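Remarks on the structure that follows.
Because the structure is a prediction, the values reported are computed rather than measured.
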Amino acid sequence: MELLLMSDTHLPKRAKALPPELLGLVPRADVVIHAGDWVDAAALDLLEARSRRLLAVYGNNDGPELRSRLPEVAYAELGGLRFGVVHETGAAQGRERRCAERFPDLDVLVFGHSHIPWDSTADGRLRLLNPGSPTDRRRQPHCTYMTARVAEGRLTGVRLHALPRRV
């Protein structure tokens with residue numbers, strides 16, 4: 001099972017559209033995961049139309065329309081692993097402990113908000129992944145997204161992808 005992870009797209013405020021490289025991967029992924037801060041419902045419509053399966057939440061910058069269509073926290077069993085998606089997890093310091101306590105039944109938690117890529121493991125069991133942002137790099141050298149695979153109850157091939165800088 002091929003996964004495509006993104007967050008904090010902030011369309012059309014931070015960019016007019018998703019990067020073509022990322023958009024081209026959407027229909028090929030078995031599951032697209034978006035960890036919130038869409039800003040415009042048109043981005044949600046686009047991913048819903050092009051994704052085989054979309055697992056998504058709203059973020060702090062998402063208004064009433066997106067909040068009426070998306071949960072604050074989403075859960076799914078994917079390939080034998082229990083996934084959760086949430087936008088905010090709080091400060092980096094103490095994140096692993098807080099998330100392990102808040103989500104004791106998950107194997108993988110995908111989150112966003114900071115625009116800073118993150119990949120760690122809490123309590124030797126909960127994998128925490130933040131794909132960064134494909135449209136707003138903030139203090140990062142590049143805009144980013146992640147891909148991963150799930151096979152036989154294992155998460156493998158987690159990869160952070162840097163997008164080319166826009167001119």
Side-chain angles (χ1 to χ4, degrees), residues 1-11 13-14 18 22 26 29-41 43-48 51-140 143-150 153-155 158-161:
M1 176 178 296
E2 300 291 328
L3 308 179
L4 176 62
L5 290 66
M6 68 182 85
S7 186
D8 297 283
T9 47
H10 291 270
L11 297 175
K13 294 181 184 255
R14 301 289 187 210
L18 289 175
L22 180 62
V26 169
D30 295 301
V31 181
V32 174
I33 298 174
H34 192 299
D37 271 6
W38 305 76
V39 179
D40 185 7
L44 173 58
D45 295 338
L46 176 69
L47 288 187
E48 282 180 332
S51 300
R52 293 182 197 177
R53 180 176 180 185
L54 178 64
L55 181 61
V57 297
Y58 67 78
N60 62 298
N61 284 294
D62 296 328
E65 182 180 0
L66 287 159
R67 288 171 186 251
S68 72
R69 294 173 60 185
L70 295 166
E72 181 179 8
V73 182
Y75 300 96
E77 188 274 318
L78 303 173
L81 293 177
R82 298 161 300 178
F83 276 75
V85 184
V86 67
H87 185 63
E88 295 186 59
T89 59
Q93 185 173 356
R95 177 175 286 141
E96 283 90 359
R97 179 190 48 76
R98 282 192 313 277
C99 290
E101 289 172 0
R102 182 176 175 196
F103 300 103
D105 298 327
L106 294 183
D107 299 305
V108 181
L109 179 66
V110 179
F111 66 98
H113 188 62
S114 67
H115 299 218
I116 299 171
W118 185 283
D119 183 351
S120 68
T121 302
D123 283 354
R125 61 163 188 85
L126 175 62
R127 186 81 174 260
L128 299 170
L129 299 173
N130 183 331
S133 170
T135 56
D136 184 11
R137 65 184 180 88
R138 291 210 180 146
R139 296 173 304 280
Q140 300 305 299
C143 291
T144 58
Y145 66 94
M146 284 180 169
T147 55
R149 285 184 296 287
V150 177
R154 295 187 55 222
L155 183 69
V158 175
R159 184 171 166 215
L160 180 68
H161 301 265

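- Listed by first then second residue, pairs satisfying salt bridge (Lys or Arg N to Asp or Glu O under 4.0 Å) with a partner in residues 83-95 number zero, not counting sequence neighbours.
- Checked for salt-bridge contact, Asp62 and Arg67 miss the test: no charged N lies under 4.0 Å from a carboxylate O.
- Contact detail for Ala35 and Val57: the closest heavy-atom pair is C-CG2, 3.7 Å.
- Minimum heavy-atom separation, Leu18 to Pro134: CD2-CG, 4.5 Å.
- Listed by chain and number, the residues in a ring-ring contact (aromatic ring centres under 6.0 Å, His included) with Tyr145 are His161 (sequence neighbours excluded).
- Here the side chains of Val86 and His113 are not in contact, with every heavy-atom distance at 4.5 Å or above.
- Residues forming a salt bridge (charged side-chain N to carboxylate O under 4.0 Å, His left out) with Arg53 (at least two apart in sequence, or on another chain): none.
- Residues that satisfy the side chain to side chain donor-acceptor pair (under 3.5 Å) test with Asn61, not counting sequence neighbours, are Asp37.
- Leu54 has its side chain within reach of Leu44: a pair of non-hydrogen atoms, C-beta onward, lies under 4.5 Å apart.
- Shown here are the side chain to side chain contact (heavy atoms under 4.5 Å, CB included) partners of Glu96, two or more places apart in sequence or in another chain: Trp118, Ser120, Ala122, Leu128.
- Here the closest heavy-atom approach between residue Asp40 and residue Leu11 is recorded as CB-O, 3.0 Å.
- Listed by chain and residue number, Asp136 satisfy the salt bridge (charged side-chain N to carboxylate O under 4.0 Å, His left out) test with Arg138 (two or more places apart in sequence, or in another chain).
- Taking Glu65 as the reference, Arg69 meet the salt bridge (charged side-chain N to carboxylate O under 4.0 Å, His left out) condition, with sequence neighbours excluded.
- Interatomic distance, Ile116 CD1 to Arg139 CZ, rounded to the nearest 0.5 Å: 5.0 Å.
- No side-chain heavy atom of Asp30 sits less than 4.5 Å from a side-chain heavy atom of Leu78.
- Contacts of Ser7 classified as side chain to side chain donor-acceptor pair (under 3.5 Å), with partners at least two apart in sequence or in another chain: none.
- Heavy-atom contacts from other residues, nucleotides or ligands closer than 6.0 Å to CD of Gln93 number 12 or fewer.
- Contact check for Phe83 versus Val31: no side-chain heavy atoms found under the 4.5 Å cut-off.
- Looking at Leu46 and Trp38, their side chains never come closer than 4.5 Å, going by heavy atoms from C-beta outward.
- For the pair Val32 and Ser51, the tightest heavy-atom approach, listed with the atom from each and the gap, is CG2-OG, 3.5 Å.
- Put simply, the residue from Leu109, Leu126, Val73 that forms a side chain to side chain contact (heavy atoms under 4.5 Å, CB included) with Arg102 is Val73.
- Considering only residues two or more places apart in sequence or on other chains, Arg149 meets the salt bridge (charged side-chain N to carboxylate O under 4.0 Å, His left out) condition with none of them.
- The side chain to side chain donor-acceptor pair (under 3.5 Å) search around Asp107 returns Arg82, not counting sequence neighbours.
- For residues 115-132, the set of pairs meeting the salt bridge (Lys or Arg N to Asp or Glu O under 4.0 Å) definition, not counting sequence neighbours, comprises Asp119-Arg127.
- The two residues Pro131 and Thr144 have their closest heavy-atom pair at O-OG1, 2.7 Å.
- Nearest approach of Leu155 to Ala148, heavy atoms of both residues: CD1-CB, 3.8 Å.
- Judged as a side chain to side chain donor-acceptor pair (under 3.5 Å), and not counting sequence neighbours, Glu72 has no contacts.
- Side chain of Thr135 to backbone of Arg14: no donor-acceptor contact under 3.5 angstrom is found.
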